[in-house]
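Hydrogens, waters and symmetry mates play no part in the numbers below; they use all other heavy atoms, side chains included.
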Amino acid sequence: MMIELLDTTLRDGEQTNGVSFSRQEKKAIARLLLNELNVDRIETGSARVSKGEFDSVKKIAQWASQAGCLPRVEVLGFIDGGESLRWISSAGCQVVNLLCKGSYRHLTEQLRKTPEQHIADIVRETEMAGQMGIAVNVYLEDWSNGMQQSPEYVYRLTDALVRLPLKRIMLPDTLGVLNPEKAYAYCRDMTARYPGVHFDFHAHNDYGLAVANAYAAIRAGIRGIHATVNGLGERAGNAPLSSVVAVIHDQLKMRTSVNEDRITRVSKTIEAYSGVHVAPNSPIVGEHVFTQCAGVHADGDSKNSLYCNDLIPERFGRMREYALGKTSGRANIRMNLEMLGIELTEDDMRKVTERVIELGDKKEIVTQEDLPYIVSDVLQQDTPENNIRILNYSLSLTQGLRPVATLKIEIHGTAYEETATGDGQYDAFVRALRKIYKSLGRPFPMLTNYAVSIPPGGRTDAFVQTIISWRHEGAEFKTRGLDADQMEAAIKATVKMLNRIER
């Protein structure tokens, strides 16, 4: 069975606090939704809101007309004597989603009308739409409360609506008050009472039940579901499109028109345009949802995918990742190395694992981009005998004063301590070190180059790799240091240099 999807990111989604799309963004989003994601319909905005809204809807309608998908573009309209219909017609659109009152309380306390008056108004508006060549869908605003508090009114209104030339009757849980049991019962009541009518269900997420309620509505016979990209919408938002699609495909074993492999791209675009960040643990599109952290999970995945479910990341244009850090096991690291095309012996794997765990205690996230730096640091500059160790050091940086370094170093079991100033913290550290070596009558290499790099991405929490070039007794060589802190990385490279010249 095919379930129809209406995306209302451009209408209900834009009602998110602080979100306002530009005309160019709205057109780009419409193209993404209809062309790439391939949702069945989109709701582009509300009639009579502003001139900017009119211009945006008109731009979308012009593009949709040229692309042959104008009937899939819809606009929210009001019962206002034809003003919304004229606005929609002038914008070049052909479908109105007419907002009616789905609860007796909204009807009497907001409109202050009787059911007979409201029905007569809807009939007139629908007739005008027909004369203007505009197709009509009807929203029953506050329908969920209507079913709870005044079901007789809902039935009376729907009895009148089914006699009109409507394409769809849309059932919104306007205030997000439903749970799956009630959603199923109320939707089943409507589909059983009015067989053959196309009903849509429009969920809100106030209790975090929007997707579950959409699931229940489909089981009750609802044929259309409304959603927004990233769950945008006022208050707690609407049902997230990505989760709705996955639930329909996997849990209900039904079909939609949506291209799953475009979901992530569209999600990230909407995230950028809206300025509303997706939580890292959001299903399907969250940054961390396809990342395994525990080493036992990575081990299981390598043994016939023991820790995988039907939500395969490749379906959604993503890849499974294996987090690196203090909880990593060798399986996690091996998975990442395989993705990078790096092969290590068991002994080298042990060394790299130990280094990742050590660095993971200093840095919250160790990424795959960090891994080649760690491998290089461990394997290329491994020092089996460390006769020289830094016991302690203190670096001081004060505005208007020269940096000061105090260090305590152990050389062949004897501790030495010295203090020096320099042009920078590292320069002060090296000057203090030179003092110690000079007092011992030992030569100290000349630093010929100093380079700092971080993995791609430019993150502020990236590891720092410091590569220092030295000249000593006619020979030139390099040492590397890797750490979350630049100074610590430089000091590690320097200690490696001291142990190398000892050997």
Side-chain angles (χ1 to χ4, degrees), residues 4 6-8 10-12 14-15 40-49 53-54 57 60-61 70-108 110-147 153-175 190 194 197-204 222-226 238:
E4 191 175 77
L6 176 137
D7 183 284
T8 183
L10 293 173
R11 200 274 298 173
D12 218 350
E14 198 181 28
Q15 291 175 198
D40 298 285
R41 301 143 53 205
I42 63 171
E43 198 169 35
T44 58
S46 302
R48 301 175 54 204
V49 168
E53 184 87 333
F54 178 83
V57 172
I60 293 170
L70 187 58
R72 297 163 65 191
V73 175
E74 303 173 8
V75 182
L76 181 72
F78 309 96
I79 299 174
D80 51 16
E83 290 189 42
S84 290
L85 295 173
R86 288 186 284 274
W87 190 98
I88 291 168
S89 179
S90 298
C93 291
Q94 300 175 343
V95 183
V96 61
N97 294 337
L98 195 62
L99 192 67
C100 306
K101 294 301 180 183
S103 70
Y104 188 72
R105 186 179 176 195
H106 269 226
L107 172 71
T108 56
Q110 189 172 41
L111 293 187
R112 300 189 184 281
K113 290 192 174 185
T114 65
E116 293 81 9
Q117 290 172 323
H118 192 42
I119 290 169
D121 289 341
I122 297 170
V123 170
R124 280 194 295 272
E125 211 76 26
T126 303
E127 288 175 348
M128 278 189 281
Q131 293 166 6
M132 298 171 67
I134 296 176
V136 181
N137 301 315
V138 169
Y139 268 117
L140 303 188
E141 186 182 19
D142 201 37
W143 166 82
S144 51
N145 273 321
M147 291 297 288
Y153 165 72
V154 176
Y155 303 147
R156 184 176 178 182
L157 176 61
T158 308
D159 287 344
L161 293 177
V162 296
R163 293 194 291 268
L164 298 176
L166 305 177
K167 296 188 71 174
R168 303 170 186 87
I169 296 177
M170 307 194 290
L171 310 176
D173 181 17
T174 304
L175 299 179
M190 298 296 285
Y194 305 101
V197 173
H198 180 115
F199 287 108
D200 281 4
F201 180 70
H202 178 108
H204 277 266
I222 296 295
R223 294 164 54 190
I225 296 294
H226 295 192
N238 292 36

Would you call [X] and [Y] a side-chain contact if the rule is heavy atoms closer than 4.5 Å?
X: Thr174; Y: Asn145; result: no
X: His202; Y: Thr8; result: yes
X: Leu157; Y: Pro115; result: no
X: His204; Y: Asp12; result: yes
X: Asp80; Y: Arg48; result: yes
X: Asp121; Y: Lys113; result: yes
X: His106; Y: Tyr153; result: no

Checking side-chain hydrogen bond (donor to acceptor under 3.5 Å, both in side chains) against Asn137, which of Arg168, Glu43, His198 comes through? Arg168
Does Glu125 use its side chain to pair, donor to acceptor, with the backbone of Gly82 at less than 3.5 Å? yes
So, the side chain of Ser84 versus the backbone of Gly77: is there a donor-acceptor pair under 3.5 Å, distance only? no
Given Val138, Leu85, Val75, the one that forms side chain to side chain contact (heavy atoms under 4.5 Å, CB included) with Val96: Leu85
Can His226 and Asn238 be counted as having a side-chain donor-acceptor contact under 3.5 angstrom? no
With side chain to side chain contact (heavy atoms under 4.5 Å, CB included) as the test, would you mind laying out the steps for Glu74 and Lys167 before giving the verdict? CA-CA 12 Å; Glu74 303 173 8; Lys167 296 188 71 174; over 6 Å; no
